[in-house]
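Comments concern the structure below.
Worth saying up front: this structure is predicted, and the values here are computed from it rather than measured. The analysis underlying the following values was restricted to heavy atoms, covering all of them including side chains, and did not include hydrogens, waters or symmetry mates. Residue numbers begin at 1 in each chain, while the letters A, B, ... track the order of the sequences.
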Amino acid sequence: MSTSTPQENFYDFKTIEKKWQDHWLDNATYRVSTDTEKEKYYVLEMFPYPSGRIHMGHVRNYSIGDVVARYKRFRGFNVLHPMGWDSFGLPAENAAIKNNSHPARWTYDNIDYMRDQLRQLGLSYDWDREIATCNPEYYRWEQYIFLEMYEKGLVYQKNTSVNWCDSCQTVLANEQVIDGCCWRCDEEVQARSMNGWFFKITAYADELLEDLDKLGGWPEKVVTMQRNWIGKSQGLQCDFAVDGLDESLSIFTTRPDTIFGVTFMSIATEHPLIEKLLANNPRKEAIEDFITRIANEKQQQANSDLTEKEGIFTGCSCVNPFNGEKIPIYVANFVLMGYGTGAVMAVPAHDQRDFEFAKKYDLPITAVVSPEGIELNSDEMAEASTVPGVLINSGAFTGMDSEEAKQAIINQAVQDGFGSAHTTYRLRDWGISRQRYWGAPIPIIYCDTCGVQPVPAEQLPVTLPEDRESGQNECAPLHQRSSFFTTSCPSCGQEAKRETDTMDTFVESSWYFARYTCPRFTDSPLNREEASHWLPVDQYIGGVEHAILHLLYSRFFTKVLRDLGYLDIDEPFTNLLTQGMVIKDGSKMSKSKGNVVDPNDLITEYGADTTRLFSLFAAPPEKDLEWNAKGVEGCFRFLNRINRFITNNLDALLKGKRKLPAKLNGSETQLHRKTHQTISKVTGNIEQNFHFNTAISAVMELVNTLSALAGDQKKEVIDNGVLYEAVSNILILLCPIVPHFCSEQWAMLHKDHSIEDEKWPVWDEQAIKEDELTIIVQVNGKVRAKLQVSADIDNKALEGLALKDEKVLKFIDGKTIKKVIVIQKKLVNIVV
RNA sequence: GCCCGGAUGGCGGAACUGGUAGACGCAAGGGACUUAAAAUCCCUCGCCUUUUAGGUGUGCGAGUUCGAUUCUCGCUCCGGGCACCA
């Protein structure tokens, strides 16, 4: 639509949308409370970070959610559909520095603007439940939960190696380290050992893994990603005595069956045993140099590709408890201290990485598992053999099947007291400490006398100091504020210091969905009654980029809150829909690519309804959506066609009877049938998989049929009852998608009630049935003719008709018919 | 490297448990209305050919079947996740 276009050609979306938005807001139409009469339905879209303005991804996400919410209301559910703001985070601090403002100011301004934008989209939220996670009334309860978790031993402090940027004076997350340098200032990142707070998510590793089976309403892909992330493996933990020291080296392996093939040992550069191995070691200097070099390389290559495997002999050895063999100990760059025990028994014959290492350092290779039908020669192997087989060179276990041997060897280790069955997870505990200002303060006090003290619950919330000076890029901002960190010990009353780290912002989003059920509750984090009524979330909708972290943390919090007595569910989200990205010109919309479409422009030009309609029509929700400006116009045209039809037929629609006549003529039958087919199609598309694109197509077809049969060139007179049936159903079926438009059109036809008082239509199976069928006739699988037959024809008669058809005769003439296949009501295939 | 997806006209996408491939929309071409434009309406629209018809066609190659976009096997390309996990 160009600006020179006369407005009178189009429906007046500006006035209409404003009118209905005001109406919904003034009447709090979408406010909900517990209702025992109606079944509850909780639909939730991932809440946004208030970055400034909404983008097309938000429009798509929230449009999908809004259709679900409105549809479920039509189906008679009591729908909880809340919205809020994930409003802590680093961008606010950066923006505050840049604009010489305060993070809170910047954040709340953004929230105000974006709330307005969401309202302009006509989203049916219960705004009374709005929450902002940076509000002390929200994070006080997060601090409260933290303290309860602390009490239960689910929160602890430990020293770990982190990415440290010296110029920014802060810890960086892995994804903020680019090629070994800080994403913001390009300073080289260092490894630094720091004390931080951790949530013991590993305590729930098994349950988080097992309960994945309960998530039948989640995309298989997301479940798999979580399963791999948790990464459970079972095997043997076994101790190897260190030669000449009163120490043992503990290893974990998933291949106990290969234990007789161990020819060396690889340990991590950070392994605690190294210190002891280096005492009085003639090679001490070389080993230390190696370790320092590897440590630096590791830090810089945290995000890059694999480096070559390297190691250094320590000069020390240990003993394989199964056969008494002496095993040299190497320090190797590929061994992770954070997984297993930080030491790996190396079996080069059956592990590719160990194989390469052995070749490089000329270490022996001993094959101990012989795959069926193959004779392994240790000296001639070109690569490791990782398949199962029969044990060889394995003492008492020789001849045993490798799968069987795993258990037998574990049993032996247990019996002899040097090992046991053990389960290891890839999942690590969740480090939540951030040296930032704009986050929820960790409610802990350090007292020189009494040590670590939790802040007493009655002193919550620990609020952020408001005197944040702007214009400074300071490190650990809370650490600079004595007004904040100076306090008194809750135990002895002496002067003490507050923890100055804030919590990872993922903590806020791990339980907000529960807080929505009782957003203003002041007694505890959650009102058990409300939470148990509304939860779990029936339908959760958001980007697949949160498939692991956010969704895993939320599942973890749900289990913790359950164990703290606040919830009675195991899993927070029954059904999950992960929507695709919004793409333009083949790549994701981004400022740097300059291919951003601003929702504001679209709303101004075509209105919210068209914007919603297109974002739902162009692709099914789970797929990426390719933006097409012309496609938007097509959607706008569609709405105008409906508007024009109703306007042109308003007299008949208002004055005529709204009941179907007793007998229908040809056109009426067709329209009536199409109407009911459309109801069935749309309902099915929404219920099955939220494929709104095909639902919209179906309504478009109905509108096409309507124009053809009842438009200007109509052939037969259409009874008003049939006409009304078609029109009213078009409006109800489209209402969840284009609510302002349908509300307005409905209001033109009805003075007494709004469209939202209507029930979702039910289709009539009888009306759907076609009385004539098109039967395909194939000869040797190729379509040769189409027959119009009455719907009740039997197979025998059908076969007869097909064999007599002129076009078919052409192809079977003079040939022997081998076989005739008749598929009821569908096709006849003649094989010659 | 491993684990998931995906590939259908000029484009976005349809096609129920194997049964008319290309619904719906966009773009394109032709026509009507108009002084003209906008808007609207009608027609055509996978490719090829000897065009009232026939051939061919759902990334490539096989297979199962009367019949495959759909099922099986083997590839190619694209997207995503994990990445020294012992």
Side-chain angles (χ1 to χ4, degrees), chain A residues 1-2 4-6 8-10 219-229 231-233 235 251-255 258 266 298 303 305-309 332-336 338-347 351-354 356-357 424-427 544-545 547-548 580-581 583 614 617-620 622-635 637-638 640-641 644 681 684 688 691 693-701 703-704 707 711-713 774-783 785-786 807 810 818-821 823-832:
Chain A
M1 183 177 88
S2 72
S4 59
T5 308
E8 55 267 31
N9 286 328
F10 308 108
E220 193 51 44
K221 180 185 167 179
V222 176
V223 173
T224 308
M225 277 163 76
Q226 292 220 353
R227 182 168 286 124
N228 293 339
W229 187 262
K232 180 177 182 170
S233 29
I251 58 96
F252 171 74
T253 178
T254 54
R255 292 293 305 273
T258 64
S266 313
K298 255 191 191 172
N303 274 0
D305 284 350
L306 310 185
T307 42
E308 201 187 318
K309 285 152 196 53
N333 65 344
F334 58 83
V335 182
L336 304 172
Y339 183 81
T341 61
V344 185
M345 65 174 216
V347 187
D351 180 285
Q352 188 56 27
R353 193 188 40 206
D354 295 341
E356 284 164 28
F357 195 90
T424 303
Y425 299 89
R426 213 190 73 105
L427 181 72
V544 74
E545 65 272 21
I548 298 175
M581 289 186 299
I583 301 283
F614 180 73
F617 176 63
E622 72 277 7
K623 279 188 73 166
D624 286 349
L625 183 153
E626 174 73 35
W627 195 260
N628 177 338
K630 293 287 188 183
V632 182
E633 280 183 39
C635 287
R637 275 202 286 267
F638 171 61
N640 280 299
R641 281 183 74 194
R644 210 175 308 117
K681 181 90 202 288
Q688 275 166 37
H691 276 197
N693 57 329
T694 48
I696 294 165
S697 297
V699 182
M700 284 175 169
E701 283 188 55
V703 172
N704 290 346
S707 316
D712 297 336
Q713 281 105 30
T774 306
I775 301 294
I776 302 309
V777 185
Q778 298 179 327
V779 177
N780 285 349
K782 284 182 184 164
V783 181
K786 294 173 188 180
K807 289 177 195 153
K810 254 171 61 186
K818 281 189 196 157
K819 199 171 170 188
V820 178
I821 291 139
I823 305 293
Q824 189 143 35
K825 295 183 180 179
K826 278 202 178 127
L827 97 166
V828 179
N829 189 8
I830 302 158
V831 187
V832 296

**Prompt:** Between A/Gln778 and A/Ser697, which is nearer to the 5' end of RNA chain B once each is assigned its nearest nucleotide?
**Reply:** A/Gln778
**Item:** A/Thr224 or A/Gly631, whichever maps to the more 5' nucleotide of RNA chain B
**Value:** A/Thr224
[atom1] spacing across the pair [N] / [M], given as an integer number of angstrom:
N	M	atom1	result
B/U69	B/C16	C1'	14 Å
B/U65	B/G18	C1'	9 Å
B/C11	B/A28	C1'	11 Å
B/C77	B/G25	C1'	28 Å
B/G54	B/G59	C1'	27 Å
B/G46	B/U20	C1'	16 Å
B/G9	B/G5	P	23 Å
B/A21	B/A7	C1'	16 Å

**Asked** Would the A/Phe357 and A/Phe334 ring centres measure less than 6.0 Å apart?
**Response**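 Centroid distance A/Phe357-A/Phe334: below 6.0 Å, so yes.
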Which listed nucleotide ([options]) is nearest to the side chain of [X]?
X	options	answer
A/Met700	B/C82, B/G25, B/C66	B/G25
A/Arg637	B/A27, B/C41, B/C85	B/A27
A/Ile821	B/G19, B/A27, B/C24	B/G19
A/Arg353	B/G12, B/A86, B/U40	B/A86
A/Thr694	B/G19, B/C84, B/A14	B/A14
A/Ile823	B/U40, B/G19, B/C82	B/G19
A/Tyr339	B/C24, B/C85, B/A21	B/C85
A/Leu827	B/C24, B/A53, B/G19	B/G19
A/Phe334	B/G25, B/C16, B/C84	B/C84
A/Glu626	B/A23, B/C16, B/G12	B/G12

**Between A/Arg426 and A/Asn228, a side-chain donor and acceptor under 3.5 Å** =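 Per modelled atom types, A/Arg426 and A/Asn228 side chains form no pair under 3.5 Å.
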Mind checking [X] for me? I need base, sugar-phosphate or nothing, with any heavy atom below 4.0 Å counting as a touch.
X	answer
A/Ser233	sugar-phosphate
A/Gln352	nothing
A/Asp624	sugar-phosphate
A/Asn640	nothing
A/Gly231	nothing
A/Asn829	base
A/Lys782	sugar-phosphate
A/Val335	base

For the pair made of [atom1] in [X] and [atom2] in [N], what is the distance, rounded to whole Å?
X	N	atom1	atom2	answer
A/Asn333	B/C84	CG	C1'	8 Å
A/Glu622	B/A14	CD	P	8 Å
A/Ile548	B/C82	CD1	C1'	7 Å
A/Leu625	B/G25	CG	C1'	13 Å
A/Met225	B/G80	CE	P	12 Å
A/His691	B/C16	NE2	P	12 Å
A/Phe617	B/A23	CZ	P	12 Å
A/Glu633	B/A27	CD	P	7 Å

Establish, with yes or no, whether the OP1 or OP2 oxygen of [N] is under 4.0 angstrom from a side-chain nitrogen or oxygen of [X].
X	N	value
A/Lys819	B/C66	yes
A/Asn704	B/G25	yes
A/Arg644	B/A39	no

Watson-Crick or G-U wobble mate for [N], both contacts under 3.5 Å:
N	value
B/C16	none
B/C2	B/G81
B/G74	B/C60
B/U69	none
B/A27	none

Are the side chains of [Y] and [X] in contact, using a 4.5 Å heavy-atom criterion?
X	Y	value
A/Arg641	A/Ser707	yes
A/Met345	A/Val347	yes
A/Lys786	A/Ile776	yes
A/Val820	A/Asn829	no

**Prompt:** If you measure from CD1 on A/Ile823 to CD1 on A/Ile775, what distance do you get to the nearest 0.5 Å?
**Reply:**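 Rounded to the nearest 0.5 Å, the CD1-CD1 separation comes to 10.5 Å.
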**Message:** Rounded at 0.5 Å granularity, tell me how far OG1 in A/Thr694 sits from CZ in A/Phe617.
**Reply:**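 Rounded to the nearest 0.5 Å, the OG1-CZ separation comes out at 10.0 Å.
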**Message:** Looking at A/Asn780 and A/Val832, would you say the former's side chain and the latter's main chain have a donor-acceptor pair under 3.5 Å?
**Reply:** yes
**Request:** Have a look at B/G55 and give me syn or anti from its glycosidic angle (syn if within 90° of zero).
**Result:**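 B/G55: anti.
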**Item:** Donor/acceptor link under 3.5 angstrom from A/Lys630 side chain onto base of B/C11
**Value:**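 Check fails, no donor-acceptor contact within cut-off.
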